[in-house]
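For reference, the structure is listed below as structure tokens.
Whatever order the structure lists them in is the order used to number ligands and atoms, beginning at 1. Side-chain atoms are counted along with the backbone in the values below, which use heavy atoms only and exclude waters and symmetry mates.
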Amino acid sequence: MVRNVAELLPELEAEDFYLLSGVEQGMRFSEWVQREKLPKFASLTEEEVDYRLERCLKRGLVEKKTIQYEGYTLQFEGYDALALRTLVERETIGEFGSPLGVGKESDVYEVRSYKPLALKYHREGYTNFREVHKERDYTSDKEHVSWMYTARKAAEREHDILEELYPDVAVPRPIDQNRHAIVMEKMDGVELSRAKLEADQVLGVLDLLVGEVAGAYEAGYVHADMSEYNVFVNEEGVKVFDWPQAVPTDHANADEFLERDLENLLGYFRRKYPRRVPDDLSSDDLAESIADSSFESIRE
Ligand SMILES: Nc1ncnc2c1ncn2[C@@H]1O[C@H](COP(=O)(O)OP(=O)(O)OP(=O)(O)O)[C@@H](O)[C@H]1O
Ligand SMILES: [Mg+2]
């Protein structure tokens, strides 16, 4: 698990961030950045580099390894610290709060500016990277820098998609993005998987969700990971989140994904609320009506 670096932020100094961003820059060329190259990348003197390396090593922000040379690489915590600092400097974030969700592919924390927001650090590539790493002793790159690159691309992608969908589709409002982190509005409510809908609400909620799937399709996207875990519900309605894997509707498999998303939703509702979903409602028919823009409602 990646530690929450928010607590470290107050004790980090400007030069620590020079060092971290120096390592980050070096990592564009190889995973392990040579010690000798750091003064240039970080714009720090030799002595300063040594002092800063020690501070960052001690705090688990960078990692050291001597193979053919003495090399340094960012830990996810170091990358988090860089993103967090940028978001604080931009005044996107003021205070830090507690975790909202910790997963394999992301860590989500509550943060605040003038109102409660959610900060999501993307972790795509992290697990794979660690596994690959155990087996092979890499000294050279490409695949390497990949956890950082993969996570950053996922964040950029999710932020871009949210910007395109909001506010026509019920998604959290995107606020900002830096590196592998995105900031968005904090959703109120609970995950659909944990919601206990009243019998007379079931069809209404399902209808809202299929409506959002249709709205996203109209806006050019298929979520492609639709499930009870990526939906929030509250009294006001639903929100669909977790969009980095979404595909554009002109993608070769878009309609397959659309049907699978609808199958997931229908399947979930049928299992959890038996007899509340009409038998003749099918994901094929729904997908078809969404794809040809004739979908209106699942209720007669
Ligand atoms: N904007 C938000 N407001 C409130 N909570 C959020 C927000 N975004 C995410 N969360 C919480 O964080 C959890 C993980 O978020 P998300 O589904 O986007 O990431 P993920 O990559 O799917 O993570 P996981 O691997 O755990 O599924 C969500 O299930 C939700 O509880
Ligand atoms: Mg999710």
Glu158 N/O under 3.5 Å from ligand 1 N/O: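 No, since none of the N or O atoms of Glu158 sits under 3.5 Å from an N or O of ligand 1.
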Selected option - heavy-atom contact closest to atom 5 (N) of ligand 1, from Leu117, Asp225, Leu100: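 The option holding the nearest heavy atom is Leu100.
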Identity of the nearest option to atom 21 (O) of ligand 1, non-hydrogen atoms only, from Ala154, Ser227, Gly189, Ser106: Ser106
Ligand 1 contact by His122, heavy-atom criterion under 4.0 angstrom: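 No; His122 lies far enough from ligand 1 that no heavy-atom distance drops under 4.0 Å.
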Classify the side-chain pair [X]/[Y] by whether it contains a donor and acceptor separated by less than 3.5 Å.
X      : Y      : value
His159 : Asp176 : no
Tyr121 : Asn4   : no
Asp284 : Ser282 : no

Pi-cation contact, Phe76 with Arg123 (under 6.0 Å, within 45°):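 Checked: cation-pi criterion met.
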Taking atom 27 (O) of ligand 1 as the reference point, the nearest protein heavy atom with its distance: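 Sorting protein heavy atoms by distance from atom 27 (O) of ligand 1 puts Asp242 OD2, 4.6 Å first.
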Glu185 and ligand 1 - part of the residue with a heavy-atom distance under 4.0 Å: backbone
Met187 contact mode with ligand 1 (heavy-atom cut-off under 4.0 Å): both
Atom indices of ligand 1 within 4.0 angstrom of Gly101 heavy atoms, with elements: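 Every atom of ligand 1 under 4.0 Å from some heavy atom of Gly101: 12 (O), 13 (C).
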Element-labelled atoms of ligand 1 that are located less than 4.0 Å from some non-hydrogen atom of Asn230: 17 (O)
